[in-house]
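For reference, the structure is listed below as structure tokens.
Below, each value reflects all heavy atoms present in this structure, side chains not excepted, and no hydrogens, waters or symmetry copies. Chain letters run A, B, ... following the sequence lines, proteins first and then strands; every chain starts at 1.
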Amino acid sequence: MSPLSNQAARVLSMLRTMQIIREFEEAAGRASYGGEVRGSVHQYVGQEAIAVGVCANLRPTDYISSNHRGHGHSIAKGADPIAMMKELYGKADGTCGGKGGSMHIADFSIGMLGANGVVADGATIAVGAAQAIKVLKQDRVAVAFFGDGAINRGPLMEALNWAKIYSLPMLFVCEHNGYAATTRTADVTAGGGFVARARSFGIEGEEVDGNDLLAVDAATERIVARLRAGGGPGFLFATTYRHHPHNTRDTGNYRTRDEIERWTAADKDPIARTVAWLLAQGVSKAEIAGIESEAKALIESAVAAARAAPLPEPAAAFTDVQDIGAPR
Amino acid sequence: MSPLSNQAARVLSMLRTMQIIREFEEAAGRASYGGEVRGSVHQYVGQEAIAVGVCANLRPTDYISSNHRGHGHSIAKGADPIAMMKELYGKADGTCGGKGGSMHIADFSIGMLGANGVVADGATIAVGAAQAIKVLKQDRVAVAFFGDGAINRGPLMEALNWAKIYSLPMLFVCEHNGYAATTRTADVTAGGGFVARARSFGIEGEEVDGNDLLAVDAATERIVARLRAGGGPGFLFATTYRHHPHNTRDTGNYRTRDEIERWTAADKDPIARTVAWLLAQGVSKAEIAGIESEAKALIESAVAAARAAPLPEPAAAFTDVQDIGAPR
Amino acid sequence: MTMELTYAEAARLALDQEMERDPRVWALGEDLGPEGGLAGQYKGLQAKFGPDRIVDTPISESMIMAAGVGAAVAGTRPVVELRFADFAMCAADETVNQAAKIRYMFNGQARVPLVARQAVGMRGGTAAQHSQSTEAWWVHIPGLVVAMPATPRDNHGLLRAAIRCDDPVIYLEHKALWNIKGPVDPDAEPVALGKADRVTRGDDLTLVTWSGMRLECAKAAEALAKQGIGVELIDLRTLWPWDRDMVLDSVARTGRLLIAQEAVKIGGFGAEIAAEAAEALWDKLRAPIRRLGAPRTPVPFSLPLEDACRVTPEQIVSTATEMVASRS
Amino acid sequence: MTMELTYAEAARLALDQEMERDPRVWALGEDLGPEGGLAGQYKGLQAKFGPDRIVDTPISESMIMAAGVGAAVAGTRPVVELRFADFAMCAADETVNQAAKIRYMFNGQARVPLVARQAVGMRGGTAAQHSQSTEAWWVHIPGLVVAMPATPRDNHGLLRAAIRCDDPVIYLEHKALWNIKGPVDPDAEPVALGKADRVTRGDDLTLVTWSGMRLECAKAAEALAKQGIGVELIDLRTLWPWDRDMVLDSVARTGRLLIAQEAVKIGGFGAEIAAEAAEALWDKLRAPIRRLGAPRTPVPFSLPLEDACRVTPEQIVSTATEMVASRS
Ligand SMILES: Cc1ncc(C[n+]2csc(CCOP(=O)(O)OP(=O)(O)O)c2C)c(N)n1
Ligand SMILES: Cc1ncc(C[n+]2csc(CCOP(=O)(O)OP(=O)(O)O)c2C)c(N)n1
Ligand SMILES: [Mg+2]
Ligand SMILES: [Mg+2]
């Protein structure tokens, strides 16, 4: 079998990450529906190509921020899925010691500044991080992942103006999956939407098929190169779809079965499409299957580890809050 | 002397209102610097053509909202300058019984929903009023006056999206005087500014020389006609200049003498330009002088009345706040 | 004729009745239409009253609240759905600087008859950004009424009272109560704002609470009764105005006051009650006034941590027992 | 070597010193550059440190605060100027849901070393939207430090302490104090957060206050001394953490506690102090604990109305006299 091209090798490793995200999210969903994981879980299934294609172009020192649907972004940036699964299970050695949970996963060791339970706030915080990069004269970029529902929040619009006037190394990634919870974003979004708005602030970027991993990767590479060269902020507008309901408490009834089938079909699903491309490049079915089973095994071990791990001591509830002034 | 054209007659009456606003603002400024009026006063001098040209196209049942620089908008909509001057002096029979002061003048009897001390909040409230018009199926429009500094506040950007998606009878009037307090708005505004932003939300409108009364009047007439016909929101972007510092506590030192002279010259000043146009239409110098002296006399009487009027009783401080639950 | 309804169904019925009764009543917020709100509290109402009276909005909290304010001063009676109290902070300015002050600043020219609904409290794993109890903020703000129903009956009765109130009402439903069932009489009079509910009678100790904590307190009162300790349990229902007379009369009789709240104890509303009682009854107290509330920490995700931040029936019982033991 | 500085100059000196001391310290806000802030508290600093460290911002309060949060977790120490506490409400979400919670939610992975400056209080005709005292809100929020300097010395000492604090500090300067002069030692150690200032010693009554009210209390203490009533006046300086030990030790000795605050009395921080003292010292009190604060009304504009909402030295004197007279 012929040696793989560099690109194929790169795509193969990106597929590995996509598979891990998919398995993680399916397992997290099962654990949530099954009552093992408390609260609700917002699954990223169907959008994996965006997190992976973008983060493949980032360094550990670069920053990302995320929203309520943040597992994929964290894994793509390099967070440990086992520690993350432990966090979902509320365990002591979870990513955030069980204090955060699904919607509040952060890993500062790899520049993941946090998922966020408040729509758009992750983006404004990332812009602040980009400003710190400027103050400290560092060679880094900051990236914010947010959805098409977030674009109607004022703070996000303030963020676009802000990033441009200070010419910050900031990449805005809008994941357009068509919905904000149960609402069709088309019904509550005026004019040309995110792209027209970003451009009205003088911010340039690219529109891509968010389920096309190679397109996301290539576009991000171009934009990030411009950011690193001091070209100021950029945007990536990626069209996609979430395969599952808004979260594990949502029925998803507002979507037609037809729409779901269209988007989950092999010609739309980002993983199936990546696999097809790789096979065409001469990657063997066996290798693909291996990646799948590795991902499955990894996540199964993560779930097992999460189940087995100890819960935090109650006293931990009173640590890591303001040093001066006792919490009780 | 030949009879005046309808337009000349209309402009003459608009000049009358502009003169009253100018005299009111100069008197208010003197009273503030002199310590007779407490707090600070934000003078509208130099921007009169916008308030007057816009409001000339509104009915008493239409709504307007304003910002911190609101005297001109109130007078143009039909508020009584004498009651307003009493309000600035904190008197019992001022427009708001002395409770509001310069930055909080409202007159609901003529659809003036209030000046506002919080930048951009007057605009979002006006959009809410426009939504009430829709809920109640009324034949009215709502107009918001705001400055070029306000356009960078998120709530104002949310307001643009909002007015468009619900297709509200809403006119956004941006008074671009180049400054937000001591800051040049050009330095903190990205991209194409207000016009580009409004258009990105699918809102159409017109850009005018805000010191050209006839241009403001004509543009507003076109836009408001479209609003009344159910055409959805519109904008008016009017370029202008404030002759005085931001308010009576501001030095204004950040502006060059040259810039001020250019903008206060007869070829820029909205009142001088209106007078020149009227003279060219055959209106007599005497008639113009009469309008000026009438305005002077009216405002002198307003100041005299304000000085003479009684202060409110202390007990009034505890009225008109929540009916249930005593304020003390 | 009384029926068994959930807390959410009771609120839905109340809104349905008020919208039938008064065409000026309408509601706006995210996801009200298709799914009828997070807990079905708007279920079917958009189909019945149309999209102009049950309005699905973009994620624009500032504008959601401002639309309510503007529409309220323009002749309608909006029910503003802010989803969670945590997100209502995105509209704190519109709530405090506009809704609460307009009537007063403008000397009674306008009223602001709106209801701002925002669910509070922990619901099991909802974590730091979806669990806060913010009533103390709103009680401190002049011009706001604050209501917190704890039963289906009171959610039906208080919501109707809030909608009929001519002043802005901050309406805090508890998200852990959505599905609890209880008797509701559709034809009952609205619950008077400012009147508490005496849940149990007793002569040994007065236990004051509100919202979700009512359930824990009822369990504690029962346990204490078994120990021969007579607890007078009072559910305030409205925090501003609060039923000072009922509470102080009770404490004057029992000589002991215990306040239990889910919110953070420091600076919570319990402090206001304690301070008032301490001043009015200092020489009638037979034991120190005690307060139970959450520690001054964000709400953690993991169960043992979350439990460490909850006020439990056991804590209430032990505190009450101490109080009765001490110096009787 | 001690010098006479105004309260504003003292803050300016503190920031200058900290920016020289630590290159990670920077400031952002509206109008900091040309004019050096509303009270000159940033005068000359942009010229000295450049526009990247003294950053002039657009009117975007959400983004101003969020930039501080993001830049704080990314290695800098921002001083976030929010101008007036009234406008800081436009950033309540970023303050409460992000700045205050990040360290805890993320299990100590990140700290948020920022200072959020927001001037409070009445200044004479500043009216409803420019006069609020909001300290009670921030004290109630886990994760926030709250400081309120009342003298030039303390503004110099506390601001430096706040900038060096690794947790977010809500820093509330009083706008009526900007121009008062007092001794400042540039080389003095920062004032320890959480330590109150015993202004006068006395055995008859403990008078607790903070911020602008310190001046009124000092006048009252002097007048009471003339009547032979020994007042122990305590200026808390930091509200969270507050100097519980100094206050309770004093009250244990005097047996009388009077709390005077400019903020609305209902739900104000005075209630927390009263509740704590009532519980800890209930059998040592020689008179009921009393609180003085503003009535539950917005701040009116006109002088007699404004005065009706102020706590005056006369009220403090008469209340203290009653307390000492009663049951000694
Ligand atoms: C300020 C705020 N408002 C509302 C919510 C409730 N909420 C959580 S996710 C969501 C929809 C977000 O849609 P989008 O931004 O498109 O992200 P997606 O869920 O599609 O990935 C809403 C309304 C919130 N978390 N924060
Ligand atoms: C939310 C908010 N931020 C800041 C301020 C302080 N402020 C009052 S007016 C003003 C400048 C407004 O500029 P612009 O909107 O252009 O109106 P102009 O004064 O030029 O008429 C500022 C920053 C405020 N009142 N409200
Ligand atoms: Mg979406
Ligand atoms: Mg301007």
Practice item. List the atom of C:Glu35, the atom of A:Thr182, and the distance in Å for their closest heavy-atom pair. Key: CG-CG2, 3.4 Å
Point to revise | Atom group of A:Val119 that falls short of 4.5 Å from chain C, counting heavy atoms | key: side chain
Point to revise | Contact summary for C:Thr297 and A:Phe318, nearest pair of heavy atoms | key: CG2-CD2, 4.0 Å
Review point. Minimum heavy-atom separation for C:Pro34 to A:Tyr254, with atom names?
Key: CB-CB, 4.3 Å
Review point. Looking at C:Ala128, C:Pro295, C:Cys309, which makes the most heavy-atom pairs under 4.5 Å with chain A?
Key: C:Pro295
Point to revise | Region of A:Asn116 that comes under 4.5 Å of a non-hydrogen atom in chain C | key: both
Point to revise | Pairwise side-chain contact, A:Val321 with C:Pro298, heavy-atom cut-off 4.5 Å (strictly under) | key: yes
Point to revise | CD/A:Glu313: more than 12 non-hydrogen atoms of other groups inside 6.0 Å | key: no
**Study point:** Top contributor to chain C interface from A:Ala181, A:Ala317, A:Pro327 [non-hydrogen pairs under 4.5 Å]
**Key:** A:Pro327
Revision key, fill the gap. Looking only at heavy atoms, the pair that brings A:His104 and C:Ala127 closest together is CD2-CB, 3.9 Å
Study note, to complete from the structure: Under a 4.5 Å heavy-atom criterion, the part of residues 30-45 of chain A in contact with chain C comprises A:Arg38, A:Gly39
**Study point:** Check: A:Pro314 and C:Asp307 side chains under 4.5 Å, non-hydrogen atoms
**Key:** no
Practice item. Using a cut-off of under 4.5 Å on heavy-atom pairs, state which of C:Cys90, C:Ser62, C:Gly33 scores highest against chain A. Key: C:Cys90
Review point. Got a second to check how far C:Phe301's CZ is from A:Met103's CE, nearest 0.5 Å?
Key: 9.0 Å
Check your understanding: Do the side chains of C:Leu305 and A:Lys99 get nearer than 4.5 Å, heavy atoms only?
Key -> yes
Check your understanding: Which answer fits A:Val188, side chain, backbone, both or neither, if we ask what part of it has an atom under 4.5 Å from a heavy atom of chain C?
Key -> both
Point to revise | Pairs of heavy atoms under 4.5 Å with chain C: top-ranked of A:Pro155, A:Ala92, A:Gly98 | key: A:Gly98
Review point. Among residues 40-53 of chain C, which ones touch chain A with a heavy-atom distance under 4.5 Å?
Key: none
Exercise for review: Below 4.5 Å from any heavy atom of chain A, which atoms of C:Ser60 appear? Answer side chain, backbone, both or neither.
Suggested key: both
Revision key, fill the gap. For A:Arg249 and C:Gly124 the tightest heavy-atom approach is NH2-O, 4.3 Å
Check your understanding: So what's closer than 4.5 Å to chain C heavy atoms on A:Gln322: side chain, backbone, both or neither?
Key -> side chain
Review point. What closest approach, in Å, do A:Leu311 and C:Ser302 show between heavy atoms, and which atom pair accounts for it?
Key: CD2-OG, 3.7 Å
Review point. Which of the residues C:His130, C:Lys265, C:Glu61, C:Arg123 is involved in the greatest number of heavy-atom pairs with chain A at under 4.5 angstrom?
Key: C:Arg123
Point to revise | Donor + acceptor pair across side chains of C:Glu30, A:Thr183 (<3.5 Å) | key: no
